[in-house]
Student: 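One structure coming up, written as structure tokens, with questions to follow.
Letters A, B, ... are given to chains in the order of the sequence lines, protein chains preceding strands, and every chain is numbered from 1. Heavy atoms only: backbone and side chains are in, while hydrogens, waters and symmetry mates are out.
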Amino acid sequence: DAGVIQSPRHEVTEMGQEVTLRCKPISGHDYLFWYRQTMMRGLELLIYFNNNVPIDDSGMPEDRFSAKMPNASFSTLKIQPSEPRDSAVYFCASSPRTSDTGELFFGEGSRLTVL
Amino acid sequence: RKEVEQDPGPFNVPEGATVAFNCTYSNSASQSFFWYRQDCRKEPKLLMSVYSSGNEDGRFTAQLNRASQYISLLIRDSKLSDSATYLCVVNILTGGGNKLTFGTGTQLKVEL
């Protein structure tokens, strides 16, 4: 079975450029999460969706960040304009509707470097 | 204060040793608790849930103390393959569903 698929796996860009990260959750999973991981702050929840609807975006650092989920099989996280401090690994994760097991299924992550 | 706090380590232990990690959480409304494992440059994966009565999965034992808001993970007879970062995770039930908050992780290095 295909897991959570993220693209790109690696991205190097220059400050000021737009960055778009993509995620395909596991089919049938109703929850989708975007996390950011850095050495200093660990894994931080940015936003999560339930049935394609954003539920909690309190973790989105600022207006430069936006996320969408136009359908059940696709989500994007966009940073515009990007800054060096945005350099991190961005993980997308999904979980099934009935899950209270706390099990999130993570993608392999998108490693972003902003120069 | 962070919602979930862990000692970052690293814990360097010899193969065969027993090692314990602790974690504290600040939100008393936390519903459920978990340990995740993250290998270097990989994604986190669920290791085990933590139940109030304590639970065991092979060499791994997890315990929860709700009164002290404290979670622990014990690894017995540690193997080289146990080397990883262990993330303490707390689940809070919000209006929109489950919200998992991760600690920054404790790094374990098992050596020959």
Student: Let me know if B/Q38 has heavy atoms under 4.5 Å from chain A in its side chain, its backbone, both or neither.
Tutor: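 Side chain of B/Q38 only, per the 4.5 Å heavy-atom cut-off to chain A.
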
Student: Just give me the residue among A/R41, A/M40, A/Q37 that pairs up with chain B most often, heavy atom to heavy atom, under 4.5 Å.
Tutor: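 The residue among A/R41, A/M40, A/Q37 with the greatest pair count is A/Q37.
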
Student: Listed by residue number, which members of residues 101-112 of chain B have a heavy atom under 4.5 Å from any heavy atom of chain A?
Tutor: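 Only B/F102, B/T104 of residues 101-112 of chain B have a heavy atom under 4.5 Å from chain A.
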
Student: Side chains of A/S110 and A/R9: any donor to acceptor distance under 3.5 Å?
Tutor: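 No, A/S110 and A/R9 have no side-chain donor paired with an acceptor closer than 3.5 Å.
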
Student: Applying the ring pair (Phe, Tyr, Trp, His ring centres under 6.0 Å) test to B/Y86, which of B/F21, B/F11, B/W35, B/Y36 qualifies?
Tutor: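 Exactly one option meets the ring pair (Phe, Tyr, Trp, His ring centres under 6.0 Å) with B/Y86, and it is B/F21.
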
Student: Quick one: pull up CZ in A/F49 and CG in A/D56 and give me the separation to the nearest 0.5 Å.
Tutor: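 Rounded to the nearest 0.5 Å, the CZ-CG separation comes to 11.0 Å.
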
Student: Using non-hydrogen atoms and a 4.5 Å limit, figure out which bit of A/L45 sits close to chain B: side chain, backbone, both or neither.
Tutor: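 For A/L45, side-chain heavy atoms alone lie under 4.5 Å from chain B.
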
Student: Checking ring-ring contact (aromatic ring centres under 6.0 Å, His included) for the pair A/F106/A/F33: CA distance, chi angles, key distance, verdict?
Tutor: CA-CA 9 Å; A/F106 283 84; A/F33 303 79; 8.4 Å; no

Student: To the nearest 0.5 Å, what is the distance between CD on A/Q80 and OG on A/S82?
Tutor: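 Rounded to the nearest 0.5 Å, the CD-OG separation comes out at 7.5 Å.
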
Student: Are the charged groups of A/E108 and B/R41 less than 4.0 angstrom apart, N to O?
Tutor: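 Salt bridge between A/E108 and B/R41, a charged N being under 4.0 Å from a carboxylate O: no.
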
Student: What part of A/Y35 lies closer than 4.5 angstrom to a heavy atom of chain B: side chain, backbone, both or neither?
Tutor: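 The side chain, not the backbone.
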
Student: Drop me the distance from A/E62's CD to A/E83's CD, to the nearest 0.5 angstrom.
Tutor: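 Result: 6.0 Å between the selected atoms.
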
Student: Are B/D39 and B/K45 ion-paired here, with the side-chain N under 4.0 Å from a carboxylate O?
Tutor: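 Salt bridge absent between B/D39 and B/K45.
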
